[in-house]
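Here's the structure, in structure tokens; my notes come after.
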Amino acid sequence: MLELDQVAYHPAAAEAAILRGVSLQLSAGRPALVVGRSGSGKTTLLELIAGLASPDQGQISWQGSPTTARQRRWLSGLVFQFPERHFIGLTVGQELKLGHRRLSSERLQQALAQVGLAGLPLTQAPERLSGGQQRRLALAVQLLREPGILLLDEPTAGLDWSVRQEMVSLVGELARDRLVLIVTHEPEGFDSVAGASYLLQQGRCVPFSLSRAPHG
């Protein structure tokens, strides 16, 4: 279980705090969803959980124990909203092997199959993949790290409706074996897989029904 207890964060460059006391209890089994408008602090929330920043106040715990930012970096796999901007491998194989140089081609293909990219050539250039394939590749990269927490920033943004639905189904499957947290301002379609759902506004999270989801 991942627990956030009154987590607050106020970057030095910001006029006001972005998060003002976020408390959450999240478990594996079904994806958790945080819905909020653009600029509400959703990405900041993921960065704190992923250990890319530390809260000014409050505590983030995993399995009942408080964590440091370093521990959370090992625990978490973060897929950004536009993962293709973060690809640095010249081929799919190179991208998958970053930090795992000794992985066999068989293991790489297993990771691709896990995200619905079975048979994708390891020599393929990531920039030549479709948008949906690039999201799946980014997921495979993180799954190779075997994270206990998988964090997804707007995983369906910019995708066609049919591809969105495929991504939603995939995320639902991945949540069976690990904790998955999705942040989005476009929650349509996630109601079929989401477990706990929250609305992030004015720096706080409150339980939320997807039938009342905001747009934009």
Side-chain angles (χ1 to χ4, degrees), residues 2-26 31-60 62 67-88 131-132 134-139 141-143 145 147-159 164 167-168 171 174-175 178-190 194 196-206 208 210 213-216:
L2 176 69
E3 297 179 79
L4 280 69
D5 183 18
Q6 293 298 312
V7 168
Y9 185 63
H10 186 170
E15 294 184 3
I18 297 177
L19 302 178
R20 304 178 182 181
V22 171
S23 293
L24 298 171
Q25 290 188 345
L26 307 175
L33 198 69
V34 171
V35 179
R37 297 184 184 279
S38 298
S40 62
K42 302 186 301 298
T43 299
T44 298
L45 177 63
L46 293 189
E47 291 174 345
L48 287 170
I49 295 173
L52 302 182
S54 296
D56 298 318
Q57 298 178 14
Q59 186 169 273
I60 302 176
W62 175 247
T67 62
T68 64
R70 178 183 174 86
Q71 289 171 326
R72 295 196 301 278
R73 285 195 293 274
W74 282 103
L75 277 169
S76 304
L78 173 58
V79 178
F80 291 98
Q81 180 175 356
F82 300 107
E84 65 275 9
R85 298 178 182 176
H86 302 272
F87 291 155
I88 58 176
Q134 289 174 337
R135 305 286 170 90
R136 291 172 184 268
L137 175 58
L139 281 171
V141 169
Q142 294 304 320
L143 291 176
R145 299 179 58 244
I149 304 168
L150 186 59
L151 306 168
L152 308 180
D153 190 354
E154 304 281 3
T156 60
L159 300 180
R164 282 172 56 104
M167 182 61 65
V168 168
V171 170
L174 295 176
R178 62 191 57 79
L179 191 152
V180 174
L181 174 60
I182 301 164
V183 301
T184 182
H185 72 283
E186 297 178 339
E188 297 84 3
F190 284 106
S197 299
Y198 301 88
L199 175 66
L200 177 59
Q201 61 180 2
Q202 298 180 343
R204 293 181 173 86
C205 278
V206 295
F208 188 64
L210 290 179
H215 299 270

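Note that the structure is a prediction, hence the values are computed from the model and not measured.
Looking at every heavy atom in both residues, Ser76 comes nearest to Pro147 through C-CB, 3.9 Å.
Between Leu33 and Thr184 the shortest side-chain heavy-atom distance falls below 4.5 Å. In this structure, Val34 and Cys205 have side chains that are in contact, with non-hydrogen atoms separated by less than 4.5 Å. Counting only heavy atoms from C-beta outward, the side chains of Pro11 and Ile18 approach each other to under 4.5 Å. Residues Tyr198 and Val22 form no side-chain contact, since every pair of their non-hydrogen atoms from C-beta on lies 4.5 Å or further apart. Side-chain contact check for Ile149 versus Trp62: some heavy-atom pair is nearer than 4.5 Å. A heavy-atom distance below 4.5 Å is not found between the side chains of Ile182 and Thr156.
Interatomic distance, CZ of Arg70 versus OG1 of Thr68, reported as 8.0 Å (0.5 Å rounding). Rounding to the nearest 0.5 Å places CD of Glu3 at 9.0 Å from CD of Gln59. The CZ atom of Arg178 sits 5.0 Å away from atom CG of Leu143, with the distance rounded to the nearest 0.5 Å. Here CZ of Arg72 is found 10.5 Å from CG of Leu151. Values are rounded to the nearest 0.5 Å. In this structure, CG on Asp5 lies 11.5 Å from CD on Gln57, to the nearest 0.5 angstrom. In this structure, Leu181 CG and Leu78 CG are separated by 10.0 Å, a value rounded to the nearest 0.5 Å.
Qualifying side-chain contact (heavy atoms from CB on, under 4.5 Å) partners for His86, counting only residues two or more places apart in sequence or in other chains: Phe80. Every residue two or more places apart in sequence or in another chain that forms a side-chain contact (heavy atoms from CB on, under 4.5 Å) with Arg85 is listed here: Phe82.
Within the 3.5 Å criterion, the main-chain N or O of Ile60 finds a donor-acceptor partner in the side chain of Thr67. Using a distance-only test at 3.5 Å, with no hydrogens or angles considered, no donor-acceptor pair links the side chain of Arg145 to the main chain of Leu75. Using modelled atom types, no side-chain atom of Arg135 and backbone atom of Val79 make a donor-acceptor pair closer than 3.5 Å. Between the Glu154 side chain and the His185 main chain, a donor and an acceptor come within less than 3.5 Å of each other.
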| Test log, rule side-chain contact (heavy atoms from CB on, under 4.5 Å), inputs His10 and Arg20 | CA-CA 8 Å; His10 186 170; Arg20 304 178 182 181; over 6 Å; no
| message | Evaluate Gln142 against Leu152 for side-chain contact (heavy atoms from CB on, under 4.5 Å), listing each step before the verdict. | response | CA-CA 11 Å; Gln142 294 304 320; Leu152 308 180; over 6 Å; no
| task | Verify side-chain contact (heavy atoms from CB on, under 4.5 Å) between Leu19 and Leu200, making sure each step is shown before the conclusion. | result | CA-CA 9 Å; Leu19 302 178; Leu200 177 59; 4.1 Å; yes
| query | So Phe87 and Leu137, side-chain contact (heavy atoms from CB on, under 4.5 Å) or not? Walk me through it. | reply | CA-CA 10 Å; Phe87 291 155; Leu137 175 58; 3.9 Å; yes
For residues 41-54, please give each side-chain donor-acceptor pair under 3.5 Å, one per line with the distance, not counting sequence neighbours.
from, atom 1, to, atom 2, distance (Å)
Lys42, NZ, Gly36, O, 3.0
Lys42, NZ, Arg37, O, 3.1
Thr43, OG1, Asp153, OD2, 2.7

